[in-house]
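See structure below.
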Amino acid sequence: MIKSKKRIVIGMSGASGAILGIEILNILRENCDYESHLVISRGAEETILQETQYKLDEVKELADRNYDINNIGASIASGTFKTEGMIIIPCSMKTVAGVASGYSDNLLLRAADVTLKESKTLVVVPRETPLHLIHLRNLVTLAESGAIIIPPMVTYYNKPLSLEDMNRHLIGKILDKFGIEVNGFSRWEGK
Ligand SMILES: Cc1cc2nc3c(=O)[nH]c(=O)nc-3n(C[C@H](O)[C@H](O)[C@H](O)COP(=O)(O)O)c2cc1C
């Protein structure tokens, strides 16, 4: 019997940190047990171009499947489509607000809404600074609804030497929520 791959939905929205979404896609691409289902917001299209060397099509090609942000009839819009969950990376404050209010007017927001309603793992990687009270309240709403909030914060105990080291540690923490090991992710084993 052919074992089907586990699916993870990746939503990239227009917060700074497009490279984080790209790194996750690269890691999932190397993992033969998983397939990535990608939806990119209009905002993320902009940040990919502004912040990275990647062309939009190159990012899309990293995923096993791609969806148009306006295609609200896509498979990932339905709770019956089997997935392990979803990661929104990076997550803009607009997308945080959309998920927190259940205002699912694009496929990324709808896929996140479905992930929550089906009680699957939703990891949100919100990026903005400073955060005002509305941002914080929306994040609390997400946490209360079961989402896991992993802001892209720098860790120092692993003694990162580069931005790549820091990104990899963050991605290790995120994929840990799905039981996926990331090479180069160093766990604290105590003194
Ligand atoms: C280069 C660039 C960086 C941005 N960085 C952030 C950010 O870090 N956090 C954020 O919430 N919005 C940021 N924005 C603004 C969002 O892209 C914008 O609010 C957009 O409408 C979000 O829509 P989306 O969530 O559908 O992608 C940035 C925009 C640009 C062009």
Side-chain angles (χ1 to χ4, degrees), residues 8-25 36-63 65-77 83 85-117 120-155 160 163-164 166-171 173-174:
I8 296 188
V9 179
I10 305 293
M12 289 179 67
S13 71
S16 189
I19 194 66
L20 295 171
I22 294 170
E23 298 259 314
I24 284 228
L25 291 169
S36 56
H37 291 243
L38 175 66
V39 55
I40 298 178
S41 74
R42 294 280 168 259
E45 289 184 7
E46 185 65 31
T47 52
I48 288 166
L49 295 179
Q50 296 273 345
E51 297 184 340
T52 78
Q53 306 291 327
Y54 283 78
K55 295 192 178 83
L56 196 53
D57 282 346
E58 291 172 336
V59 177
K60 290 181 178 174
E61 278 165 21
L62 295 175
R65 280 204 61 186
N66 267 286
Y67 302 89
D68 186 301
I69 189 80
N70 295 314
N71 182 10
I72 48 154
S75 54
I76 58 171
T83 74
M86 178 173 183
I87 305 167
I88 311 179
I89 178 166
C91 189
S92 76
M93 291 304 112
K94 180 196 149 198
T95 289
V96 166
V99 183
S101 60
Y103 188 72
S104 304
D105 76 335
N106 67 40
L107 181 61
L108 193 162
L109 292 171
R110 171 62 186 168
D113 200 52
V114 160
T115 306
L116 285 180
K117 89 180 170 72
K120 290 178 186 157
T121 304
L122 176 65
V123 177
V124 174
V125 184
R127 196 276 153 201
E128 188 49 277
T129 194
L131 295 164
H132 61 58
L133 193 55
I134 298 170
H135 298 150
L136 292 165
R137 286 201 169 120
N138 284 336
L139 287 167
V140 168
T141 300
L142 290 188
E144 285 172 344
S145 306
I148 300 164
I149 313 294
I150 306 185
M153 284 188 186
V154 183
T155 305
L163 193 56
E164 288 71 31
M166 289 192 276
N167 290 348
R168 187 150 280 255
H169 188 78
L170 178 78
I171 287 163
K173 293 202 83 160
I174 293 165

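Read the numbers this way: they start at 1 and go in the same order the structure lists the ligands and their atoms.
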**Prompt:** Do the side chain of Ser13 and the main chain of Ser92 share a donor and acceptor less than 3.5 angstrom apart?
**Reply:**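 Yes, because the side chain of Ser13 sits within donor-acceptor range (under 3.5 Å) of the backbone of Ser92.
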
**Request:** Answer yes or no: is there a donor N or O on one side and an acceptor on the other, between the side chain of Arg127 and the main chain of Ser16, under 3.5 Å?
**Result:**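 Side chain of Arg127 to backbone of Ser16, a donor-acceptor pair under 3.5 Å: no, none is there.
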
Determine, considering heavy atoms only, which of [options] sits nearest to [atom].
atom                    : options                     : result
atom 5 (N) of ligand 1  : Ser16, Ser13, Cys91         : Ser16
atom 3 (C) of ligand 1  : Thr47, Val99, Ile40, Asp105 : Thr47
atom 11 (O) of ligand 1 : His135, Glu45, Met93        : Met93

**Asked** Taking it one step at a time, do Ile8 and Ile24 satisfy side-chain contact (heavy atoms from CB on, under 4.5 Å)?
**Response** CA-CA 11 Å; Ile8 296 188; Ile24 284 228; over 6 Å; no

Interatomic spacing from [atom1] in [X] to [atom2] in [Y] - rounded to 0.5 Å:
X      : Y      : atom1 : atom2 : value
Asp68  : Ile40  : CG    : CD1   : 10.5 Å
Gln53  : Ile19  : CD    : CD1   : 9.0 Å
Leu108 : Cys91  : CG    : SG    : 7.5 Å
Ile72  : Leu109 : CD1   : CG    : 11.5 Å
Met12  : Ile69  : CE    : CD1   : 11.5 Å
Asn70  : Asp105 : CG    : CG    : 9.0 Å

Heteroatom proximity flag, [X] to ligand 1, N/O under 3.5 Å:
X     : result
Lys94 : yes
Ser41 : yes
Glu51 : no

**Item:** ligand 1 contact on Arg127 by region, counting heavy-atom pairs under 4.0 Å
**Value:**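 Looking at Arg127 and ligand 1, atoms from backbone and side chain both fall under 4.0 Å.
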
**Prompt:** Within less than 4.0 angstrom of ligand 1, does Glu128 place any heavy atom?
**Reply:**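 Glu128: in contact with ligand 1 (<4.0 Å).
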
**Message:** Tell me the protein heavy atom at minimum distance from atom 31 (C) of ligand 1, and give that distance in Å.
**Reply:**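 The closest one turns out to be Glu46 CG, 3.8 Å.
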
**Request:** Could you check atom 28 (C) of ligand 1 against the protein and tell me its nearest heavy-atom contact, residue, atom and distance included?
**Result:**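 Scanning the protein heavy atoms, the shortest distance from atom 28 (C) of ligand 1 goes to Gly14 O, 3.2 Å.
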
**Message:** Could you tell me, atom by atom, which parts of ligand 1 come under 4.0 Å of a heavy atom of Thr95?
**Reply:**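 Every atom of ligand 1 under 4.0 Å from some heavy atom of Thr95: 24 (P), 25 (O), 26 (O).
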
**Prompt:** If you count the atoms of ligand 1 from 1 in the order shown, which ones are under 4.0 Å from a heavy atom of Gly43?
**Reply:**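 By the 4.0 Å cutoff, the relevant atoms are 27 (O).
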
**Flag: protein heavy atom within less than 4.0 Å of atom 13 (C) of ligand 1** =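 Yes, at least one protein heavy atom sits under 4.0 Å from atom 13 (C) of ligand 1.
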
